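These notes are about the structure you will find just below.
Not measured: the values here are computed from a predicted model. Along the sequence shown, residues carry numbers from 1.
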Amino acid sequence: MIRKTDRKWIERTAELAGMGMEMGDGGPFGCVIVKENRVIAEGWNRVLAENDPTAHAEMVAIRRACEVLGDFQLNGCELFTSCEPCPMCLGAIYWARPDRVIYSATREDAKKAGFDDEFIYREIPLPARERKIPFDSLPSEECRLVFDRWLKRENKTMY
């Protein structure tokens with residue numbers, strides 16, 4: 001459900017997207033994370049500035065918000081983004097668990113601007129060995145034992 005105050009946060013994502021693009025940090029994407037109608041963190045695409053393919057606006061904002069809140073989850077927060085999140089950002093959003101997400105442009109809009117994630121959406125359901133980048137599994141008793149140690153651990157934090 002869209003609220004009256006949502007427009008100002010979406011407009012802020014557009015400002016951040018334009019600013020980051022003009023600075024040469026990366027593509028035209030911005031994100032704002034709000035809690036109790038107050039900005040907790042902002043981010044814009046910094047892929048080029050940081051030489052980091054994961055430095056999307058949402059990822060940058062989520063990292064900053066978690067640092068500010070001192071928590072790995074965004075309970076009670078709302079995430080506003082200038083564009084429908086890509087598969088990577090969508091995964092991070094689900095792990096961070098904000099209360100809701102509002103986006104402006106669609107992934108079709110992003111595709112028209114040269115940012116096409118459709119190939120990733122097509123790759124996800126494929127068996128690992130049929131993907132463009134081959135994935136192989138190499139079972140290891142040592143790796144499995146780490147999970148056993150985790151299960152036995154009494155002072156673990158589940159997430």
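- Annotation for Pro85 and Leu90: closest pair CB-N, 4.0 Å, computed over non-hydrogen atoms.
- The distance from atom CH2 of Trp9 to atom CZ of Arg3, rounded to the nearest 0.5 Å, is 12.5 Å.
- Contact record, Ser82 with Ala14: CB-N, 4.5 Å, taken as the closest heavy-atom pair.
- Taking the charged nitrogens against the carboxylate oxygens, Glu108 and Lys111 have no contact shorter than 4.0 Å, which rules out a salt bridge.
- Nearest heavy atoms, Ala92 versus Met59: CB-SD, 3.3 Å.
- Within a 6.0 Å radius of CD in Glu67, no more than 12 heavy atoms belonging to other residues, nucleotides or ligands are found.
- Side-chain atoms of Asn45 never come within 3.5 Å of backbone atoms of Pro28 as a donor-acceptor pair (strictly under, hydrogens ignored).
- Looking at every heavy atom in both residues, Cys83 comes nearest to Glu58 through O-OE2, 3.7 Å.
- In terms of modelled atom types and a separation under 3.5 Å, the side chain of Gln73 and the main chain of Arg97 share no donor-acceptor contact.
- In this structure, Leu79 is not a member of the same hydrophobic cluster as Tyr94, with clusters built from ILVMFWY side-chain heavy atoms closer than 4.5 Å.
- Around the NZ atom of Lys152, the shell of radius 6.0 Å holds no more than 12 heavy atoms that belong to other residues, nucleotides or ligands.
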Taking it one step at a time, do Met88 and Thr54 satisfy side-chain contact (heavy atoms from CB on, under 4.5 Å)?
CA-CA 8 Å; Met88 174 185 67; Thr54 70; 3.8 Å; yes
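- Residue Ile2 holds its CD1 atom at 8.5 Å from CZ of Arg7, rounded to the nearest 0.5 Å.
- Cluster membership for Ile93 and Leu69, using ILVMFWY side-chain heavy atoms within less than 4.5 angstrom, is shared.
- Taking all atoms of both residues into account, the shortest heavy-atom contact from Leu16 to Gly30 is CB-CA, 4.1 Å.
- No donor-acceptor pair closer than 3.5 Å links the side chain of Lys132 to the backbone N or O of Glu123.
- Linking ILVMFWY side-chain heavy atoms closer than 4.5 Å, directly or via other members, places Ile102 and Trp44 in a single hydrophobic cluster.
- Rounding to the nearest 0.5 Å places CG of Asp99 at 7.0 Å from CG of Asn75.
- We find the CG-OH distance between Asp116 and Tyr121 to be 10.0 Å, quoted to the nearest 0.5 Å.
- Cluster annotation: Met19 is connected to Ile10 through the hydrophobic network of ILVMFWY side chains, with a link wherever side-chain heavy atoms come within less than 4.5 Å.
- For Glu141 and Arg144, the salt-bridge test passes: some basic side-chain N is under 4.0 Å from an acidic carboxylate O.
- We find the CD1-CZ distance between Ile124 and Arg131 to be 8.0 Å, quoted to the nearest 0.5 Å.
- Among all heavy-atom pairs drawn from Lys35 and Ile40, the shortest one is CB-CG1, 3.5 Å.
- The closest donor-acceptor contact from the side chain of Arg100 to the backbone of Met1 lies under 3.5 Å.
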side-chain contact (heavy atoms from CB on, under 4.5 Å) between Phe29 and His56: does it pass, once the steps are laid out?
CA-CA 8 Å; Phe29 302 96; His56 290 196; over 6 Å; no
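- Note that the NZ atom of Lys8 and the CD atom of Glu15 stand 12.0 Å from one another [nearest 0.5 Å].
- Placement of Val101 and Ile62 within a single hydrophobic cluster is found when ILVMFWY residues are connected by side-chain heavy-atom separations under 4.5 Å, directly or transitively.
- Under a cutoff of 6.0 Å and an axis angle of 45°, Arg63 and Trp95 do not form a cation-pi pair.
- Looking only at distances, no side-chain donor or acceptor of Asp148 sits under 3.5 Å from a matching main-chain atom of Leu145.
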